[in-house]
Structures are given as C-alpha cells and as structure tokens.
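Structure provided below as structure tokens; questions to follow.
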Amino acid sequence: VTGKTASTFDSRSIVSSATNIPFSRLDDDLLALDEQAGYCYSLNASAARVWELVATPTSVGSICDVLCTEFAVDRDTCLRDVCELLSALLEAGFIKVTHATVA
Amino acid sequence: MESRYYHYAGLRVVSEVQLPEWAPFEQASPGTNSDVIISLGGVLVDELSGAPRRIVTATECQFLVPGTGSFQVKNGREIVVKPAPGVAARRLRPWLIGSAWGALCYQRGLFLIHASAVMIDGSAVLFCALAKRGKSTMAAQLNTKGYPLLSDDLCHVDISADGVPVVYPGAPRLKLWSDALDELGWDAGNLEPDQSRPGKFHVVHTADPSILPAPVRAIYLLEWGEFGIRRLAGLNALQRFLAASIYRPGILGSMGQLNRYSTQSMTLLQRVPLWELQRPRDLAMIANTADLLITHCSEHRMMDK
C-alpha cells in the first residue's frame, strides 16, 4: 500500500463492496478463497466488521463511529487503520470508492 | 477373468483384481451400475524407455512403480493395472488402493483427507498429522482400547449435505512403524512390509461391515511437545489443516485441484472443530495420550449437549 493510495480516503469517502468472491466466516476470521488466483484473503475480527459495514455504501466516518463503540480504539488510530485496510481492499479489487462532496 | 464387486467409500467398484483389504466391503453381485472399473491390462511403461514415471492431468493420472507395475487412472472411472513380470498381487495392492485410488477420488472431485478415523461413542474422530507424527499409531492404540477403527490413512469425507459432515468407513489397514508395533504388543513378523518406507508395515484388521458413514465430531492435529490440547481457529486452523491433511499434494496440484480442496477444507472446518493435540515424542506415552484424548472427547461431548 503506497502513501498515495492511503490518502485516497478521508472520513467522507463512501465505500462499498465490489466483488463476487464470497467471504465466509471461520471462527473470528472472515476468509475468501479466490479459486482463480489461488489466494486466500483473511480478515480479522475488526476488519471483518468493516467488511460487514461496507456491504451497503457507507462513509469511512460512519465506519469509524461503529468501530470506536465496539472496539477499544481511539478515533485517530481507528481512522488511520480503517484507511489502511480500505486501501488494501481497494488494491485487491474488493471495494469501490465514491468521493462524496455532499455532507 | 472373474470380477469382484465392492461397495467402497460410497462407490460401486467392479475389479479384476481381488482386494482382500476391501473384503468387508465385498458384494456378492454387481448390483446397480458400477461407478469404477479396475482392470488388468495396458502397457507396462518401460523404466528404461525414458518415459516420465508420472503423468498427471485433470482427467488422467499415470504412474510407474519400478519393479512393481504401472497404473493408469482415467476420468474418475477407470484404473488399469499392468503388473511387472512375476510381481505378487500383494505388492501391487498398496499402490492400487493407495495412490491410484486416491487419484481416482480426486478426479471425481471427492474430498479425500490424509487422516485416520476412529469411532468414539457413536461418531468419528479424525487424526491428521505431518509425516511420522503418529496418526496411525494413535488410531491403533484407540483400536486396542476397543474403539472401532473406521479408516486409516485415507478418509473420504462427504460435506455435500448441510450439517455435520460424514466419513465413509475405509480399508482396515494400518501403517505403523515397527517400534510402535512393539509398544502395542503386536508381532511384526506376520505383517506385509510397506515398500515405500522401511520399517513400516500394513496391519490388516477386521473391519465391521455394519459401520455406515459416520458423523465427524472432531479433528485432532497431532504434534510432538508437552501434553496439551488446544483449539485452532480461523485462518490458522485452515493453514495448519491444509499443511497436514493433503494426500499426495503433488498429484492434487498437477490436477489443478488444490483450490477445490481448500474450499472443501474451509467448509469442513466451519462445521467441525480442529484441535491440536501435543504429546511427548515417547512411545511409552501412547497409552496416556489415548486416555487424554478420550477424556477430552467426552468433555466436549458433554459441552455440546
């Protein structure tokens, strides 16, 4: 993940899932096997929660709102970690981003 | 040539080769249409001809065992065996019901796991391990304590229906290292050696033909270490299971089926807990390990209820 892609997001960016590869739960992890590419993608508990939230178009800010109430994390750290995760998901082609200008 | 009929691992097999290891699954008549045909014939691939010893594609697998014979497995339906001159049938069979059968099941897309399975209180417990980590020894020890052996070395697990997966009863042969045999009080003198590795033997047990496919309650991954059992979860569980449970990974990979196997494994692990069982690398501890395992099984059965 480069600095450039990491700055693709701010709290107003709208993100939503954009893949047909199904994730399924194995204990606390969400795993997706990409049979074509031969990869296994793995999301831990907090990343799995983000994945659930982006099933419908959601702003990065509201993702952080949810995570800050459900996990012991401060808002700045949360925003940074979420942006990092979303960058990785974007690079893997799992999500799409809309840059919202409306409040 | 006289044919034999078997109903094995959920498949109807007609064979020109008599398979004493599959005797509990032998049928008097062919029944309905056969799924698999095992025949003698074909061409013995000459060891000196420069031909590759193994050819594997998605639908065909051919391999040569020098001094023993060659095996052709086609379309998930047919195995053709060409014995080397003067070779005894008992030397062919381990390859026939091992590698060739495994390749055939893979061709059919069946979920074949490198594991042994024992019946404990009405359901199956599977043991996986990396090579030489004692999976057969564990099954044999439980067997001597009165728990029926369901399958050794290869387990055909069916995950197609919703709910608890089932494992088919398999060939009652146990591969054991000779020192483990001493520990169990069995005589190594009357056993057929496993040609692939010195010191390993096939012990032929009598399977109970009345055993039906059994629900799989738990999977244990055997490791050396301090006594202990812990639950493996998530990605870690999947990775550990894949590393220990694939039978002949080279063949599976050449067939382009590693992804399918991974998906099947994921489904299995969503429905059945995977435990890591560590115990000291000491044959004198086999009995203690079996006791630990039985206790663990019954505790978790209580928790399930």
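Values below: all heavy atoms of this structure, side chains included; hydrogens, waters and symmetry mates excluded.
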Handout entry: Residue A:Arg25 excluded, over 12 heavy atoms near CZ under 6.0 Å
Key = yes
Practice task
Please say whether more than 12 non-hydrogen atoms of neighbouring residues, nucleotides or ligands are located less than 6.0 Å from CZ in B:Phe227.
Solution key: yes
Practice task
Please look at A:Leu31 and chain B and tell me whether the side chain, the backbone, both or neither of the residue comes under 4.5 angstrom of a heavy atom of that chain.
Solution key: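 Contact with chain B involves both backbone and side-chain atoms of A:Leu31.
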Exercise for the section: Could you go through the side-chain contact (heavy atoms from CB on, under 4.5 Å) check for B:Leu235 and A:Leu26 one step at a time? Expected result: CA-CA 7 Å; B:Leu235 180 64; A:Leu26 186 58; over 6 Å; no
Handout entry: Contacting moiety of B:Leu242, where chain A heavy atoms sit under 4.5 Å
Key = neither
Handout entry: Side-chain heavy atoms of B:Gln270 within contact of A:Asp27, under 4.5 Å
Key =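 Of all side-chain heavy-atom pairs linking A:Asp27 with B:Gln270, none is under 4.5 Å.
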Problem - Which of B:Gly234, B:Ala233, B:Ser262, B:Pro273 touches chain A most, by non-hydrogen pairs under 4.5 Å - result: B:Gly234
